[in-house]
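In what follows, a structure is listed as structure tokens, so that the remarks can point back to it.
Atoms considered below: every heavy atom in the structure, side chains included; atoms not considered: hydrogens, waters and symmetry mates. Numbered from 1 within each chain, the chains take letters A, B, ... in sequence-line order.
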Amino acid sequence: MKIYNTLSKRKEDFIPLEEGKVKMYVCGPTVYNLIHIGNARPMIVFDTVRRYMEYKGLEVNFVSNFTDVDDKIIKKAVEEGVEAAVISERYIAECKKDMAAMNVRPATTHPKATEEICGMLEMIGTLIEKGHAYAAPDGTVYFRTRNFAEYGKLSHKNLDDLQGGNRSLLVSGEDQKEDALDFVLWKPKKEGEPYWESPWCNGRPGWHIECSVMSKKYLGDKIDIHAGGEDLVFPHHENEIAQSEAANGKEFAKYWMHNAFLNIDNKKMSKSAGNFFTVRDISEKYDLQVLRFFMLSAHYRSPLNFSAELMEAAQNGYDRIVNSVSNLNYLLENVTSDTISETETALLKEAEGFTAKFEEAMDDDFNTADAIAAIFELVKFVNSNTDGEKSAVFLKALKDQIVKLSDICGLLVEKKTEDLDVDIEELIAARQAARKEKNFARADEIRDELLRKGIILEDTREGVKWKRV
RNA sequence: GGCGCCAUAGCCAAGUGGUAAGGCAAAGGUCUGCAACACCUCUAUCACCAGUUCAAAUCUGGUUGGCGCCUCCA
């Protein structure tokens, strides 16, 4: 299994620190609103990485945080006149609903920043002791960036380029820094903000320290994979490395994975540009499985464009897989043979090739676009090689194969079987009778009536199939 | 100003040295009372220029056109 490592800028063989186990940390959302479809990309991508690793027999300890103390949360709390925790708890709950609908599995642990303040105070203390951080007179604690020799190794920047960046860095408190590149570990509270006591001042943590601390607490000083959106490479992840490695004296993470951005109609999504969609918005029009399928249709390191047309195409593509499984289920319900023939055995062997192709794609830095192509090839193979004459063993094996590969991608392609109401069953039977008498007007009338009730009929060679709109 | 990425059919998207996967859409056909599903057929020399090589979408240099990070941001 190869993974592209941002640190080395190349694909590397994935070798877990501990055989058979993976320690993985993914930077989670700041919970001040419903999550947007940009937030959804890393969730879906890294959930898929996790699922594939588990499929390969690895035990994945997957940690993803909720940042629940932040300026935007506080601002929203002030606007609504409630405690910050009311806002963060509300949106954590909403986020979990969206994740469930996208079939993103809950992390092994979902730590919250506000519950890890103790660990942050401890790490900041260690950094000060070791000379990597200092407290300014007003109680702000800064990280001494130039004291960490490897600073810039992830984003491949050097400090002098950064400093020469000609931008005005003089925001408030800037003058008390030893160096313009030093970043905040702890900052004093402002009036009305939530705060915690500390040796330096009553205040709250800077943005970067939380991930260093949560990763250390739940996974250990050194982990296998640290992941997130590409915008986090600098400064967030660069700063995490500086803090963790300076404090722990060990390499922080072996592999760094970053997903590319999602654009809307070829532009960066932003509220001001008016092209901003929450996952909830999309769920009103589409099953979020379609969103997931869409996200996986491109490689995670390629920028992906989002538009209404592309979602339609994704809907149709996803339906093709669902249809194939639904056909297999229909055949299985009406199966007549349960002994597998020699031809069938040979076909199953051939079908294994698609699983091999799928794995080859996923082993190559999680090439989901290629992996999904393998699923489509399997779908075509299934559609071309199954009919009412085939045995139950054969059909079941093929169905399991499609469902399994789709499941690795987190795609649910098997609709739950449900029983129809008796009156609907009777209408379908009545239509069949009408068709037999060649009374097609009556047959079509019944079909329209069922459509109004949300049932779509399809007359296949093997009989009448139905599905929900 | 510094660092970096991308450019493959109408659309989306794999392919990083051996002669272009897959999906969507469109068209024609088979099946079917019709529709739907499915199946078959059909669609590209890979932005442009030069070079390396027996061989390049794939390597090198250049041109053009997009984009990202350097600031809260997935």
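Nearest approach of A:Val335 to A:Ala392, heavy atoms of both residues: CG2-N, 3.5 Å. Between A:Glu12 and A:Tyr255, the closest heavy-atom pair is OE1-CE2, 3.6 Å.
Partners of A:Thr114 by side-chain hydrogen bond (donor to acceptor under 3.5 Å, both in side chains), not counting sequence neighbours, listed by chain and number: A:Asp68.
Here the separation of B:G29 from B:U63, taken at their C1' atoms, is 47 Å to the nearest Å.
For A:Asp444 and B:G33, a side-chain-to-base donor-acceptor distance below 3.5 Å is present, hydrogens and geometry of angles not being considered. Judged by distance alone with a 3.5 Å cut-off, a donor-acceptor contact links the side chain of A:Asp459 to the base of B:C34. On a pure distance criterion of 3.5 Å, no polar donor-acceptor pair joins the side chain of A:His299 and the base of B:A13. One cannot find a donor-acceptor pair under 3.5 Å joining the base of B:C24 and the side-chain atoms of A:Arg320.
Put simply, CD1 on A:Ile321 is 13 Å from C1' on B:C24, counting in whole angstrom units.
Using a 4.0 Å cut-off, some side-chain N or O of A:Trp207 falls inside it from OP1 or OP2 of B:C73.
Each of A:Thr67, A:Ile92, A:Ile87, A:Asp70 was scored for a side-chain contact (heavy atoms from CB on, under 4.5 Å) with A:Val31, with one residue passing: A:Ile92.
Across all strands shown, the partner of B:C69 is B:G2, judged by Watson-Crick or G-U wobble contacts whose two distances both fall under 3.5 Å.
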